[in-house]
Amino acid sequence: MNDMNDTVMASNFIHNIIEEDNEKGAYGGKVYTRFPPEPNGYLHIGHAKAICVDFMTAEKYGGKCNLRFDDTNPVKEDTEYVDSIMEDVKWLGFSWEGEERYASDYFEKMYDYAVFLIKKGKAYVCDLSPEEWKEYKGTLTEPGRKSPYASRSVRENLDLFARMRAGEFSDGERVLRANIDMQSPNMNMRDPVIYRIYHATHHRTGDKWCIYPMYDFAHPLEDAIEGITHSLCTLEFEDHRPLYDWVLRECEIEQPPKQIEFARLELTNNVTSKRKLKLLVDEHIVDGWDDPRMPTVSGLRARGYTPEAIRSFIEKVGVSKSKSEVDYAFLEYCVREDLKLKYPRVMAAIEPIKVIITNYPEDKCEYLEIENNKENEALGTRKVPFTRELYIDRTDFMEEPPKKYFRMFKGNNVRLMGAYIVHCDDFKKNENGEIEEVYCTYIEKTKSGEENADMKVKGVIQWVSAKHGIPVKCNLYDHLFLEKDAANDENSYEKDGMLLNRCSLETVSGFVEPYCEESEFDKFQFVRIGYFCKNTKENNTFNRVVSLKSSFKI
RNA sequence: UGGGAUGUCGCCAAGUUGGUUAAGGCACAGGACUUUGACUCCUGCAUUCGUGGGUUCAAAUCCCGCCAUCCCAGCCA
């Protein structure tokens, strides 16, 4: 259709379904979706997929998307989460249709529908306790038996249900069940509970209600009330679809929405379990839900990831029904891709080692003009102070270089990015045998534009003036590596059934270039460092994106 | 023989009204370029579509059997 110019054809089976619907004229060609979180926690990268799928599907077909808080369980939910969810959705760049919605706003209507079902003989009040119900409900392989209360008269059911609402019964004493089929091989269809009693204060309706609808009853009605056409959800609700359709049919909804399930997003070495993320916060392993190492939307934001990068990631991953786990490297690729031309780049020495240019005057300071982003001239230049004492990244110097190492080592020449070519003469170690200082001499007239500038050197490294550099603390990794990856790491340890990689929790102190007054440093968000990776294959290099925001946070 | 779903390169994932050599991206490898070993640019990377049969001139696509994995027995969502 409109993707002649799209370089990437994102795979998405939902599009096919919608296009089919549109051809048949279903829903009058309209597409109306919704993102329906339960306000009981912070959003993570997995939710980001749901958000993108819901909003982008609507966007693609010129439709609308609601934000709806599915607040049908007062004991689990809190307004605390509502704000953070709205903030995260907005940050991802989406606008929902009108005001945010709340399932609790439809409680009265839902109640009416329940009464309607009772009148049709499609729902009954059941007095069985949860324990007793277990015996009636059967198992996965054995059919269930009808509740002895299923035969109550409509009149009695109406009366009892009204009294449930009136608060005459205590929690758990009675429920309203859908009257469907105890023989069904689908457990969801064996007379599921559609209303239960909770004498609890709801975060929005307060004490107005003491009966609350169950998800399976409430959700299809919420969708119907809002005029949703395509109700997108994750795979585990596949078994619920017959019930979803049953509710809509029995409630005689005219243009019933269609539930479509897709696989949730899993990332390698990341957890998206609320329980585990909460553990990290509670145990102070991280500083909070928005710690830059967390896979939460707010964590990603703090880490310096852009909404554009996350959206493009979700699009590229595609939407299908096969359970999958996407390589974290793919997310990183999308972030680099988005950041590449967008932001100025500054130099840094994350694990610093001091370099002294012995033939450079002690009191001299040159301000060298360096491009902010070689690939995007529009980002201009900045002036970076160059002095006799510098810091370079520890990985850019080696006492005993392996074969193809062509950065700094004794006897070698390297280019200090944007500055001189220097010759490494010697180095000094401290009592622990660690490299303490490296001594170099700069080669004259090798600055950009000077006559010896084209002198060939194989290595180019980053540097920061020791006098001017700004100290930062930085995570060794930009996110937590958990579980599988940690299992391969000798430094990993277990915490409440969760494997953590110690390295991922450690921070190092380093330096970044000073902000230059004229250059509005707040726009310099990212430091890019190419260096020898200590933790993967030897001689392997990679480019790391570090957010200064996250660097300062720790 | 509970029910539902999924299985295409290390990771995602097109392709499923059967029709030449099975898209694309990530990762990886090799080369060119390079004042970031990045970026960019070339090149390579599944005779094979979970598996065994069958139908057919022709199957990843149709049929049958089998296997593997995931989900379902909350008065959670």
Side-chain angles (χ1 to χ4, degrees), chain A residues 7-13 36-38 40 70-73 75-77 126 128-130 133-134 137-144 171-177 184-190 192-198 211-212 214-216 218-219 233-242 261 263 265 268 316-334 336-337 340-341 345 347 370-371 373-375 396 404-407 414-421 446-448 453-455 457-462 528-532 539-544:
Chain A
T7 48
V8 175
M9 294 289 286
S11 55
N12 191 329
F13 77 100
E38 181 184 22
N40 70 346
D70 210 357
D71 54 353
T72 56
N73 185 343
V75 306
K76 289 188 131 184
E77 298 144 5
C126 179
L128 254 22
S129 69
W133 177 247
K134 265 184 191 165
K137 133 184 88 183
T139 67
L140 292 177
T141 53
E142 300 156 22
D171 291 7
E173 202 175 329
R174 283 182 226 265
V175 294
L176 184 70
R177 288 187 185 286
S184 174
N186 182 345
M187 298 298 282
N188 296 305
M189 300 299 272
R190 319 239 266 230
V193 172
I194 57 178
Y195 262 94
R196 77 292 214 187
I197 301 171
Y198 271 136
I211 56 172
Y212 293 90
M214 294 286 288
Y215 168 88
D216 282 318
H219 208 85
C233 64
T234 45
L235 250 27
E236 67 269 29
F237 292 105
E238 270 177 320
D239 285 344
H240 296 245
R241 186 167 7 111
E261 312 85 9
L265 173 71
T268 53
K316 288 189 169 84
V317 162
V319 183
S320 77
K321 295 191 71 153
S322 63
K323 187 192 185 315
S324 57
E325 190 180 58
V326 180
D327 196 329
Y328 193 88
F330 196 44
L331 210 209
E332 292 182 318
Y333 161 79
C334 293
R336 286 198 304 272
E337 197 62 18
K340 204 158 56 187
L341 302 177
R345 304 168 186 176
M347 298 187 287
I370 298 180
E371 292 114 314
N373 185 329
K374 280 226 150 152
E375 297 167 72
D396 283 342
K404 285 187 179 165
Y405 188 80
F406 43 83
R407 275 178 274 175
V414 291
R415 158 142 254 135
L416 296 175
M417 200 191 298
Y420 299 92
I421 290 172
T446 52
K447 271 193 301 185
S448 285
D454 54 356
M455 192 174 146
V457 286
K458 293 206 88 173
V460 179
I461 65 173
Q462 300 189 23
R528 303 188 63 174
I529 311 155
Y531 68 102
F532 252 41
N539 277 3
N540 189 19
T541 56
F542 73 98
N543 208 36
R544 183 168 164 208

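A, B, ... follow the sequence lines: proteins, then strands. Residue 1 opens every chain. If you're wondering where the values come from, they're calculated on a predicted model, not measured in any experiment.
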Inset, instruction - Identify whether any heavy atom of His219(A) sits under 4.0 Å from a base atom; if not, whether one sits that close to sugar-phosphate; answer base, sugar-phosphate or nothing. - result: nothing
Legend entry - Nearest to side-chain heavy atoms of Val460(A), which nucleotide of U35(B), G25(B), C76(B): U35(B)
Legend entry - G30(B) versus A68(B) - spacing of their P atoms, nearest Å: 40 Å
Legend entry - With Tyr333(A) via ring pair (Phe, Tyr, Trp, His ring centres under 6.0 Å) - residues at least two apart: none
Legend entry - Contacts of Val193(A) that satisfy side-chain contact (heavy atoms from CB on, under 4.5 Å) - sequence neighbours left out: Val175(A), Arg177(A), Arg196(A), Met214(A)
Legend entry - Distance between C1' atoms of A29(B) and U36(B) (Å, rounded): 22 Å
Inset, instruction - Considering just the side-chain nitrogens and oxygens of Ser11(A), establish if one lies under 4.0 Å of OP1 or OP2 belonging to A14(B). - result: yes
Inset, instruction - Determine yes or no for a side-chain-to-main-chain donor-acceptor pair under 3.5 angstrom, with Arg336(A) supplying the side chain and Lys340(A) the backbone. - result: no
Legend entry - OP1 or OP2 of G24(B) under 4.0 Å from side-chain N/O of Lys316(A): no
Legend entry - Phosphate OP1/OP2 of C76(B) contacted by Arg196(A) side-chain N/O (<4.0 Å): yes
Inset, instruction - Report the distance from atom CE of Met189(A) to atom P of C71(B), rounded to the nearest whole Å. - result: 22 Å
Inset, instruction - Using the P atom as the reference point in each nucleotide, state the distance between A60(B) and U17(B) in Å, no decimals. - result: 14 Å
Legend entry - Anti/syn call for G54(B), syn if |chi| within 90°: anti
Legend entry - Asp239(A) and Asn186(A), any side-chain heavy atoms less than 4.5 Å apart: yes
Legend entry - Test item: Ser184(A) side-chain N/O and Met189(A) main-chain N/O as donor-acceptor pair under 3.5 Å: no
Legend entry - Any Ser320(A) side-chain nitrogen or oxygen under 4.0 Å from OP1 or OP2 of A13(B): yes
Legend entry - Side chain Thr234(A), main chain Glu236(A), donor-acceptor under 3.5 Å: no
Please tabulate, one pair per line, each protein N/O and nucleotide N/O from nucleotides 4-8 of chain B that are separated by under 3.5 Å, including the distance.
unit_1 : atom_1 : unit_2    : atom_2 : d
G4(B)  : O2'    : Asp239(A) : OD1    : 3.4

Inset, instruction - Give one of base, sugar-phosphate or nothing for Ser324(A), where a contact means two heavy atoms less than 4.0 Å apart. - result: sugar-phosphate
Inset, instruction - List in chain and number order the residues that pass side chain to side chain donor-acceptor pair (under 3.5 Å) with Tyr420(A), two or more places apart in sequence or in another chain; answer none if no residue qualifies. - result: Glu366(A)
Legend entry - Residue-phosphate contact under 4.0 Å: Tyr215(A) side-chain N/O, C76(B) OP1/OP2: no
Inset, instruction - Look at all strands and tell whether Tyr212(A) reaches a base, only sugar-phosphate, or nothing, counting heavy atoms closer than 4.0 Å. - result: nothing
Inset, instruction - Would you please test Asp71(A) and Glu38(A) for side-chain contact (heavy atoms from CB on, under 4.5 Å) and show each step? - result: CA-CA 6 Å; Asp71(A) 54 353; Glu38(A) 181 184 22; over 6 Å; no
Inset, instruction - Using the aromatic ring of Phe406(A) (for Trp, its six-membered ring), decide whether it stacks on the base of G37(B) within the limits of 5.5 Å and 30°. - result: yes
Inset, instruction - Have a look at Thr234(A) and say if it touches a base, only the backbone sugar-phosphate, or nothing, with a 4.0 Å heavy-atom cut-off. - result: nothing
Inset, instruction - State which residues pass ring pair (Phe, Tyr, Trp, His ring centres under 6.0 Å) with Tyr198(A); sequence neighbours excluded, sorted by chain then number. - result: none
Inset, instruction - For A77(B), take OP1 and OP2 only and decide whether either is under 4.0 Å from a side-chain N or O of Thr72(A). - result: yes
Inset, instruction - Return one dot-bracket line describing RNA chain B 5' to 3' (Watson-Crick or G-U wobble pairs, both distances under 3.5 Å; ( ) same strand, [ ] crossing, | another strand, . none). - result: .(((((((.[[[..)...(....]]].(((((.......))))).....[[[[[..)....]]]]])))))).....
Inset, instruction - Examine C76(B): is either OP1 or OP2 under 4.0 Å from a nitrogen or oxygen in the side chain of Tyr198(A)? Give yes or no. - result: yes
Inset, instruction - Quote, to the nearest angstrom, the P distance that separates U6(B) from G50(B). - result: 13 Å
Inset, instruction - Could you check Phe330(A) against Glu337(A) and say which one's nearest nucleotide on RNA chain B is further toward the 5' end? - result: Phe330(A)
Legend entry - Nearest-nucleotide 5' precedence on RNA chain B, Leu140(A) against Lys76(A): Leu140(A)
